[in-house]
Amino acid sequence: MREEKEDELVHHVNDIPSIPTILLIGFQQMMICISMLLVIPYMMSDMVCPGDKETEIRVQLISASFVTAGIATILQTTFGMRLAILHGPSFAYLPVLNTFQSTYPCNEHTDTSLWQHKMQMISGSCLVAVLVMPLFGFTGLIGFLSQFIGPITIVPIMTLLTISAVSDVEQKMALHWMSSVEFLMLVVFIVLLEHWEMPLPAYSLKRRHFYIARRKILSQFPYIIGIAIGWLICYILTVTNAIPANSPARTDQNSTMEILKSTPWVHVPIPGQYGTPIIDISLLCGFIASSFVAMIESIGDYNLCAKLSKQGRIPTSNLNRGFIVEGIGCMLSSSFGIGTGITTYAENIAIMSVTKVASRITMQTAGIFLLIAGIFSKFAAVLAMIPEPVVGGVLAIGICMVNGVVLRNLMTVDLRLSRNLTIMGIAVIMGLTVALHFENNPLKTGNQTVDNVFGTLLTIRMLIGGIIAFTLDNIAPGATREQRGFRKADDDGEDDIPVENNGFALPSFMNRFFLKYRWLTYIPLIPSREEILDIEEKRTEVKYKL
């Protein structure tokens with residue numbers, strides 16, 4: 001009984017909590033992804049070698065990153081999957097960008113006037129590559145393929161994704177000991193004090209007196225509290241000169257102050273703001289591969305979010321709509337020049353297992369906050385002033401939580417079968433080995449285009465591991481679909497959720513519209529007529545009971 005109570009949600013998908021809870025949870029969800037939203041703009045502004053324009057471009061990309069994440073999140077929670085999902089720039093595209101950087105390195109001989117041409121190459125190639133997402137959504141192909149992509153494929157891909165981020169985590173953690181303090185502080189909040197109820201003064205309007213309320217504040221808002229304390233410690237260390245003048249933990253760094261001063265109050269990103277997009281074949285092929293990796297990653301995140309949100313099996317129409325929305329976000333991201341597509345942020349899903357809040361409106365609020373932070377770019381610049389060691393600690397705990405949450409996919413896999421364990425082991429180790437081999441021994445066929453294209457593809461760990469896991473899992477005998485981790489229709493009774501808690505269902509006015517024009521229900525992104533009638537019948541029953 002104790003486990004069931006601890007696993008219960010405080011707020012379900014369709015619930016509308018109190019306004020303070022909505023604002024605080026929404027703000028925390030935005031703060032969780034801050035480090036990830038800042039990483040790509042910093043890398044891109046450095047990668048294209050813009051010289052003295054680096055700060056200006058960085059500010060523009062930070063603004064574009066926030067705006068894209070906000071738009072994609074609002075669309076996804078409202079029209080796509082309709083669960084509490086947050087989108088942001090995808091790390092799955094970084095291996096391709098790293099290969100591009102090795103081809104066009106920044107050094108003393110670099111022509112800094114070519115930065116705009118490089119931005120056009122990256123933007124154009126990525127924009128064409130990410131079209132596979134809405135294409136697979138509109139045609140229903142992603143809904144069909146998802147039947148063959150199970151936990152045995154998803155776990156190795158996401159494991160390799162987190163392993164690929166280890167070097168970034170180490171680099172951030174090595175900046176200053178404050179990273180370790182921030183990391184350990186968040187571990188204490190999330191792990192050791194998860195169930196501790198902090199005594200807080202409160203006032204009852206009804207009884208007109210003060211009293212002491214006990215709330216799980218540290219487990220519900222660990223990132224907000226952790227970042228605030230970490231930032232405060234850095235400020236104290238700065239004003240007391242307890243750390244050297246050039247320390248990255250100082251809050252008065254010249255670079256961050258320069259960003260704040262040079263940032264306009266309002267900045268609205270414009271598609272094609274760096275010129276007409278240009279397509280590069282090797283970049284295009286690499287980005288297409290990254291898009292498929294991001295899609296498989298998102299399938300795992302969608303299923304994980306549905307599981308944590310106490311939802312049933314994801315309807316095919318929701319999955320198709322989800323990838324159409326994700327594709328729209330990717331096209332915005334590419335056209336703004338961010339340099340990557342977008343994906344679902346698993347760390348934002350992971351925090352739901354801590355806060356027990358899966359309410360859609362909290363994530364929509366996070367999307368609105370992201371839009372505000374992007375358009376009113378002074379706000380984004382202030383957030384960009386968070387000392388890098390603090391960001392490093394947050395990034396480290398975020399990657400750790402993602403890696404831990406990934407393992408929840410294995411709950412439905414029969415781990416007693418050596419077949420399943422062997423496939424996942426092969427996928428992870430060979431994904432690392434093959435990529436490392438071609439990083440150390442670049443492909444040399446004599447054809448520069450072939451070398452660039454396949455040289456890029458063969459260094460993407462998630463792609464190699466994903467192909468191995470997907471192929472072996474679907475051709476190797478010795479396990480039923482249930483033993484491979486695919487859920488049954490009545491698994492745990494989760495598909496029998498009350499209609500008022502059904503987050504996948506569209507509003508009644510939309511369902512009535514689709515029933516009026518029956519031909520629409522044959523489109524892959526629209527629920528079938530039978531599904532719509534079933535939902536509306538259940539809603540009518542609940543209405544009459546009330």
Heavy atoms of Ile342 and Ser333 approach each other most closely as CG2-CB, 4.0 Å

Sorted by chain and number, sequence neighbours left out, salt bridge (Lys or Arg N to Asp or Glu O under 4.0 Å) with Arg512 holds for none

In terms of heavy-atom contacts, Pro17 and Ile22 come closest through O-CD1, 3.4 Å

Min side-chain heavy-atom separation Gln311-Asn502 under 4.5 Å: yes

| task | For side chain to side chain contact (heavy atoms under 4.5 Å, CB included), just list the numbers for Phe79 and Ile324, CA-CA rounded to whole Å, side-chain angles, deciding distance to a tenth of an Å, and then say yes or no. | result | CA-CA 10 Å; Phe79 304 108; Ile324 289 173; over 6 Å; no

Residues passing the ring pair (Phe, Tyr, Trp, His ring centres under 6.0 Å) test with Phe136, sequence neighbours excluded, are Phe292

Between the CD1 atom in Ile288 and the CE atom in Met133, the distance rounded to the nearest 0.5 Å is 11.5 Å

Sequence neighbours excluded, the answer for side chain to side chain donor-acceptor pair (under 3.5 Å) partners of Asn14 is Arg360

Rounded to the nearest 0.5 angstrom, the CZ-NZ distance for Phe100 and Lys118 is 6.5 Å

Residue set satisfying ring pair (Phe, Tyr, Trp, His ring centres under 6.0 Å) with Phe504, at least two apart, ordered chain then number -> none

Look only at the side chain of Ser123 and the backbone of Gln120, and say whether a donor-acceptor pair between them is shorter than 3.5 Å.
no

- Message: side chain to side chain contact (heavy atoms under 4.5 Å, CB included) for Ile154 and Glu297? Distances and angles first, verdict last.
- Response: CA-CA 7 Å; Ile154 293 166; Glu297 176 193 348; over 6 Å; no

Output for pair (Leu332 CG, Leu75 CG), nearest 0.5 Å, gives 8.5 Å

For Arg461 and Leu160 the tightest heavy-atom approach is O-CD1, 3.3 Å

Per side-chain hydrogen bond (donor to acceptor under 3.5 Å, both in side chains), Arg484 is matched among Asn420, Asn474, Asp414 by Asn474

Applying side chain to side chain donor-acceptor pair (under 3.5 Å) to Arg321 and not counting sequence neighbours gives none

Output for pair (Leu284 CG, Asp280 CG), nearest 0.5 Å, gives 8.5 Å

With a 4.5 Å heavy-atom cut-off, do Leu319 and Phe323 have their side chains touching? yes

Looking only at heavy atoms, the pair that brings Gly137 and Asn320 closest together is O-CB, 3.4 Å

Contacts of Arg539 meeting side chain to side chain donor-acceptor pair (under 3.5 Å) (sequence neighbours excluded), chain-then-number -> Ser508, Glu536

For Pro20, the side chain to side chain contact (heavy atoms under 4.5 Å, CB included) test, sequence neighbours excluded, returns Ser18

Contacts of Asn318 meeting side chain to side chain donor-acceptor pair (under 3.5 Å) (sequence neighbours excluded), chain-then-number -> none

Nearest heavy-atom approach of Leu186 to Gly226 is CD2-CA, 4.1 Å

Of Thr521, Ile532, Leu533, the one forming a side-chain contact (heavy atoms from CB on, under 4.5 Å) with Asn511 is Ile532

Heavy-atom distance under 4.5 Å between the side chains of Ser317 and Leu525, does that happen here? no

Rounded to the nearest 0.5 angstrom, the CE-CD1 distance for Met44 and Ile57 is 9.0 Å

So, does Thr77 use its side chain to make a donor-acceptor pair with the main chain of Ile74 at under 3.5 Å?
yes

**Asked** Do the side-chain N and O atoms of Tyr345 and Gln29 include a donor-acceptor pair separated by under 3.5 angstrom?
**Response** no

**OP:** Under the side chain to side chain contact (heavy atoms under 4.5 Å, CB included) rule, what do Leu410 and Val413 come out as? Steps first, then yes or no, please.
**Re:** CA-CA 5 Å; Leu410 297 177; Val413 177; 4.2 Å; yes

- Is the distance between the ring centroids of Phe513 and Tyr517 less than 6.0 Å? yes

Going by heavy atoms in the side chains, are Met411 and Pro151 under 4.5 Å from each other? no

Output for pair (Lys310 NZ, Met352 CE), nearest 0.5 Å, gives 11.0 Å

Can you give each donor-acceptor pair under 3.5 Å made by side-chain atoms of residues 83-90, sequence neighbours left out, with the distance rounded to 0.1 Å?
unit_1	atom_1	unit_2	atom_2	d
His87	ND1	Thr343	O	3.1
His87	ND1	Thr344	N	3.4
His87	NE2	Gln76	NE2	2.8
Ser90	OG	Ala92	N	3.0

Inset, instruction - Check whether any side-chain heavy atom of Ile16 lies under 4.5 Å from a side-chain heavy atom of His11, and answer yes or no. - result: no

Contacts of Tyr93 meeting ring pair (Phe, Tyr, Trp, His ring centres under 6.0 Å) (sequence neighbours excluded), chain-then-number -> Phe287

> Would you call Arg58 and Leu61 a side-chain contact if the rule is heavy atoms closer than 4.5 Å?
Replying inline: no

Which pairs of donor and acceptor atoms, one on a side chain in residues 362-372, lie under 3.5 Å apart (sequence neighbours left out)?
unit_1	atom_1	unit_2	atom_2	d
Thr362	OG1	Ser359	O	2.6
Gln364	NE2	Thr78	OG1	3.1
Thr365	OG1	Ile361	O	2.7

- Are Val96 and Ile460 close enough that some pair of their side-chain heavy atoms sits under 4.5 Å apart? yes

### Task
Using a cut-off of 6.0 Å, state whether more than 12 heavy atoms not belonging to Ile19 lie near its atom CD1.
no

Margin query: Can you confirm whether more than 12 heavy atoms, excluding those of Ile270, are under 6.0 Å from its CD1 atom?
Written below: no

| Ser298 side-chain N/O to Ala294 backbone N/O, donor-acceptor pair under 3.5 Å | yes

Tightest non-hydrogen contact, residues Gln147 and Arg481, listed as O-NH1, 3.0 Å

Residue set satisfying ring pair (Phe, Tyr, Trp, His ring centres under 6.0 Å) with Phe138, at least two apart, ordered chain then number -> none

Notebook entry, point to check: Are Tyr302 and Glu326 close enough that some pair of their side-chain heavy atoms sits under 4.5 Å apart?
Noted result: yes

ask   = Can you tell me if Ser63 uses its side chain to pair, donor with acceptor, with the backbone of Gly374 under 3.5 Å?
value = yes

